[in-house]
2 protein chains.
Amino acid sequence: MPKATVERLPLYLQCLQAMGDVESTVSSEELANTAGVNSANVRKDLSYLGSHGVRGVGYNRLELCDQLRRALGLIEKWSVVIVGIGNLGSALANYRGFDASGFNVVGLYDADPAKRGHQVDGHYVKSMDDLKLDIKEHDVSMAILTTPAAAAQGVADLLIEAGIQSILNFAPSLLKVPNEINCRQVDLATELQILSYYQAAHQA
Amino acid sequence: MPKATVERLPLYLQCLQAMGDVESTVSSEELANTAGVNSANVRKDLSYLGSHGVRGVGYNRLELCDQLRRALGLIEKWSVVIVGIGNLGSALANYRGFDASGFNVVGLYDADPAKRGHQVDGHYVKSMDDLKLDIKEHDVSMAILTTPAAAAQGVADLLIEAGIQSILNFAPSLLKVPNEINCRQVDLATELQILSYYQAAHQA
DNA sequence: ATTCGCTTGTGAAACGAATCACGATGCCCA
DNA sequence: TGGGCATCGTGATTCGTTTCACAAGCGAAT
Ligand SMILES: NC(=O)c1ccc[n+]([C@@H]2O[C@H](COP(=O)([O-])OP(=O)(O)OC[C@H]3O[C@@H](n4cnc5c(N)ncnc54)[C@H](O)[C@@H]3O)[C@@H](O)[C@H]2O)c1
Ligand SMILES: NC(=O)c1ccc[n+]([C@@H]2O[C@H](COP(=O)([O-])OP(=O)(O)OC[C@H]3O[C@@H](n4cnc5c(N)ncnc54)[C@H](O)[C@@H]3O)[C@@H](O)[C@H]2O)c1
């Protein structure tokens, strides 16, 4: 499945879920409009799912949701840990939207002993020493990284050694990871800078 | 300038800054390695800046940083407001990394009167009624949107009416905005779902 | 049954971006 | 001063993605 397609599937899922239960069927045209893409593109994307729409009618909404979830590997819930429980890490730990999208936060970790008393969203913040064992024991395969940039690579190495296979990194630092590890970067400053470019260009 | 290039410029800037002051000159090869892209790609990207590297030597690091900043419109600081001061909004308001990247948070806004007493990072949380006037008065052109998804479109409309030109939206909801408004979406759930896809695929 | 209108699925074409490959060029040192 | 080396700048090529265009298929209406 093309990379570009994979990155659009969550968008389709989101659009379909936002439609509410009124419609039992959607056309590629309709989905394309709400998702902001070309309808042929939608059809080609969905064709990779082995999905069968009905000509003249469209796609069954619920069935399509189900197929998207299956394709994305969201049938089973993934267990996730968060490392670095500062401003951002705490906000993420408190976020209620994980569950709905197929993820389950099972542990919070921080290097700072001062954070350890704290409890965030029902989880005690644990020490980095607990990390490895917890990951192995609970078969955790995803981690969210919200430490300062300087600590990110070290923590990533630790996570990988412990058996983590996917990392979502919020620290503004490019992680070096082995090929078989999935890693995505979310960088606020980058996003703002891209906006800055277009805005500056627009004004000139 | 190609869209793909624009999205890489902040990365180059970040890499160059992370290099420290040891090196006064960098080759495209070196920059390519730290940024994780092809060196020819780096050269082509930088050629759009009208940048002049020196054959046989490389690019002057500081000069290149400067050119990147200029191209991205980061010479002057942009004023930014944050709307929706809940978990995530507060974390962003507390974030110290804005300044370094060329942005300046000038106001926090929330619809909930209960939030108004609070002070976050030296800013009082203000009412939505103040938003429009503040934006006009201080010539604010960028906004960060961290309200619940249901409120996002309404707030976006308000912001645009008040004169905002770029929006960074963290709510999981696709905003409908006029063509001339720049809008970027950061969606945590989407990112995790993409990771989920690759991990599930890898295991199968 | 047959026709009509709509929507899918997909080959072909167009497009944009990444990569290759190499000539051009500046620096350093003998 | 000239030769060698490193690196840039960029045309040509390849690759991946998007869009177009239309035949095929289904359902509904007559
Ligand atoms: N806060 C934001 O809005 C924001 C926005 C964009 C990016 N970021 C990035 O996200 C990261 C976190 O930001 P923040 O504002 O939450 O910072 P923070 O300082 O509030 O939190 C960082 C946490 O990481 C912990 N930590 C430090 N070293 C560690 C280690 N080696 N192992 C485990 N934990 C460690 C600290 O104890 C602290 O609790 C930073 O890299 C920042 O650049 C933050
Ligand atoms: N917290 C996270 O980690 C996280 C992660 C990903 C995405 N998000 C998204 O970011 C958004 C904010 O998340 P949160 O956890 O901070 O939620 P939150 O409920 O803590 O904060 C939302 C804030 O928005 C304010 N608000 C509501 N309606 C408003 C309106 N019409 N105008 C102005 N302000 C309004 C509320 O008073 C509240 O303070 C949500 O859309 C959420 O889905 C959050």
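So you know, we letter chains A, B, ... as the sequences are listed, proteins then strands, and number each from 1.
In the displayed structure, B:Lys176 atom NZ is contacted under 6.0 Å by at most 12 heavy atoms of other residues, nucleotides or ligands. A:Lys77 NZ: more than 12 foreign heavy atoms inside a 6.0 Å radius.
Toward the 5′ end of DNA chain D lies the nearest nucleotide of B:Tyr59, the other residue of the pair B:Tyr59 and A:Arg55 mapping further downstream. Where A:Pro2 and A:Arg43 each meet DNA chain D at their nearest nucleotide, the meeting point lying more 5' is that of A:Pro2.
The closest donor-acceptor contact from the side chain of B:Arg184 to the backbone of A:Leu192 lies at 3.5 Å or more, if one exists at all. Counting only distance, with no hydrogens or angles, the side chain of B:Asn94 and the backbone of B:Ser90 share a donor-acceptor pair below 3.5 Å.
The structure places SG of A:Cys15 at 10.5 Å from CG of A:Leu68, a figure rounded to the nearest 0.5 Å.
In summary, contact between chain B and DNA chain D, defined as any nucleotide atom under 4.0 Å from a heavy atom of the protein, begins and ends at D:dA6 to D:dA12 in the 5' to 3' direction. Nucleotides of DNA chain C with any atom under 4.0 Å from a heavy atom of chain B span, from 5' to 3', C:dA17 to C:dC27.
Side-chain contact between A:Val80 and A:Phe98 is absent, with no heavy-atom pair separated by less than 4.5 Å.
A salt bridge links B:Glu161 with B:Lys132: the closest approach of a Lys/Arg side-chain nitrogen to an acidic carboxylate oxygen falls below 4.0 angstrom.
A:Ala4 comes within 4.0 angstrom of sugar-phosphate atoms only, judged by non-hydrogen atoms across all strands, and of no base.
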